[in-house]
Amino acid sequence: MPVGTYTAVAEQPLELMKIVYQFINHHQVSRLQTLYDYYQANNAIKKQVDSNNPYHANNRVAAAFARYMTSIRVGYLIGNPIQLKLQDDTEVDDSQAQKFQNVLDTFTTNTNADYVNQQLAKDLSITGRAYDLVYVKNGVTDLGLVRVDPEQAFVIYDDTVDHKPLVGVRYYQTGILDNQLVEHYEVYTDSRLFTFHSEGGLPQTNSPVAMQSWMIHCHTFLILSH
């Protein structure tokens, strides 16, 4: 996204959402679903139409090479859990550094970060992208960490050579089976979270104009792209 375009709408939630919705419509969900099918060995050969000739052979073999390669990669990368350590800093005394390290250790333990990192490594191997979300839990000040489905999230970058992230987007649907469907959209900037929802309908029929309510949260959240 051009930096000027983002700057012009950064403080206008509805205008920002209109632009984000265009990106949602171009999100490569079908491609990601195909990659997940490869991982599950649900290859295209299984979906080919059978021949009408009863004498034709109908032998189909789908090899789970994608799953095998992912298992090897994840084991190699995350076999030993990632450790969060403070860099040596002469301006911070040992007691203060230990307090910071204790905070990191507590965060890693309470959020089950090792398991989340395994999920991210798996997504990265399968789809080439992975996202996690650091958030503040409701009613408390504790931080949470969860994996975000790549089919429901993406990051918008600027058009400079640095490709700096401008907006993180997460969108998903809630309801009871096919009834009472509600589309939820979360737009993360560097300092705010804008949330939108639309009552009923399917994704392709909803647009920001039809959204009946929107809320602005001034809490700082972070969506990370790996």
Side-chain angles (χ1 to χ4, degrees), residues 1 20-53 56-84 107-109 111-135 144-159 162-175 177-178 181 183-188 202-204 221-226:
M1 179 192 300
V20 167
Y21 197 78
Q22 297 179 48
F23 282 90
I24 291 176
N25 288 333
H26 286 82
H27 192 201
Q28 297 177 324
V29 175
S30 60
R31 172 59 179 167
L32 297 177
Q33 291 173 342
T34 298
L35 294 174
Y36 277 116
D37 283 344
Y38 286 149
Y39 173 78
Q40 297 290 345
N42 187 23
N43 298 10
I45 191 173
K46 292 184 177 181
K47 303 174 184 178
Q48 291 181 0
V49 179
D50 294 343
S51 172
N52 293 326
N53 191 330
H56 284 179
N58 189 26
N59 301 321
R60 306 183 185 192
V61 177
F65 289 128
R67 185 185 307 171
Y68 172 77
M69 289 186 291
T70 292
S71 298
I72 296 297
R73 287 177 176 176
V74 173
Y76 180 79
L77 292 174
I78 315 293
N80 292 324
I82 297 174
Q83 297 183 1
L84 300 180
F107 171 78
T108 301
T109 301
T111 60
N112 201 9
D114 293 342
Y115 174 67
V116 175
N117 287 331
Q118 289 181 0
Q119 292 180 304
L120 296 178
K122 180 178 176 181
D123 283 341
L124 192 59
S125 176
I126 297 172
T127 67
R129 62 196 74 183
Y131 307 99
D132 62 6
L133 179 64
V134 181
Y135 64 99
L145 175 68
V146 294
R147 168 220 178 232
V148 178
D149 189 344
E151 295 183 59
Q152 299 177 342
F154 57 89
V155 176
I156 301 175
Y157 298 88
D158 68 20
D159 60 347
D162 294 326
H163 295 294
K164 294 181 179 180
L166 296 176
V167 176
V169 181
R170 175 174 177 251
Y171 63 101
Y172 57 95
Q173 184 183 89
T174 61
L177 298 178
D178 294 330
L181 300 178
E183 294 297 319
H184 300 268
Y185 307 88
E186 300 174 357
V187 180
Y188 297 82
L202 297 173
Q204 60 268 27
F221 288 76
L222 178 64
I223 187 167
L224 300 177
S225 173
H226 296 268

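- Between Tyr185 atom OH and Gln152 atom CD the span is 12.0 Å, to the nearest 0.5 Å.
- Atom-to-atom distance recorded for Glu186:CD and Leu133:CG is 7.0 Å, nearest 0.5 angstrom.
- Going from atom CD1 of Ile156 over to atom CD1 of Ile24 covers 8.0 Å, rounded to the nearest 0.5 Å.
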Using a 3.5 Å cut-off and no angle test, enumerate the donor-acceptor pairs between side-chain atoms of residues 68-77 and protein atoms at least two apart in sequence or in another chain.
| unit_1 | atom_1 | unit_2 | atom_2 | d |
| --- | --- | --- | --- | --- |
| Thr70 | OG1 | Ala66 | O | 3.0 |
| Thr70 | OG1 | Ser125 | OG | 3.0 |
| Ser71 | OG | Arg67 | O | 3.0 |

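- Residues Val146 and Val116 approach most closely at C-CG1, 4.2 Å, considering heavy atoms.
- Interatomic distance, OG1 of Thr34 versus CG of Asn42, reported as 10.0 Å (0.5 Å rounding).
- Across Leu120 and Arg147, no two heavy atoms sit closer than the pair CD2-CG, 4.2 Å.
- Counting heavy-atom neighbours within 6.0 Å of Gln33 CD, excluding the residue itself, gives a total above 12.
- Here the CG atom belonging to Asp158 is positioned 5.0 Å from the CG atom belonging to Leu166, to the nearest 0.5 angstrom.
- Contact between Asp114 and Ile82 at its shortest, heavy atoms only, is OD1-O, 4.0 Å.
- Taking CD of Gln119 as the reference point, atom CG of Asp123 lies at 7.5 Å (rounded to 0.5 Å).
- Listed by chain and residue number, His184 satisfy the ring-ring contact (aromatic ring centres under 6.0 Å, His included) test with Tyr172 (two or more places apart in sequence, or in another chain).
- Residues satisfying the side chain to side chain donor-acceptor pair (under 3.5 Å) criterion with Gln118, sequence neighbours excluded, are absent altogether.
- Remark: Asp149 engages no residue in a side chain to side chain donor-acceptor pair (under 3.5 Å) (not counting sequence neighbours).
- The ring pair (Phe, Tyr, Trp, His ring centres under 6.0 Å) contacts involving residues 24-48 comprise His27-Phe154, His27-Tyr171, where partners must be two or more places apart or lie in separate chains.
- Here the closest non-hydrogen pair linking Leu32 and Pro150 is CD1-O, 3.3 Å.
- Between Pro81 and Gly79, the shortest heavy-atom distance links the atoms CD-O, 3.7 Å.
- Among residues two or more places apart in sequence or in another chain, the side chain to side chain donor-acceptor pair (under 3.5 Å) test is passed with Asn43 by none.
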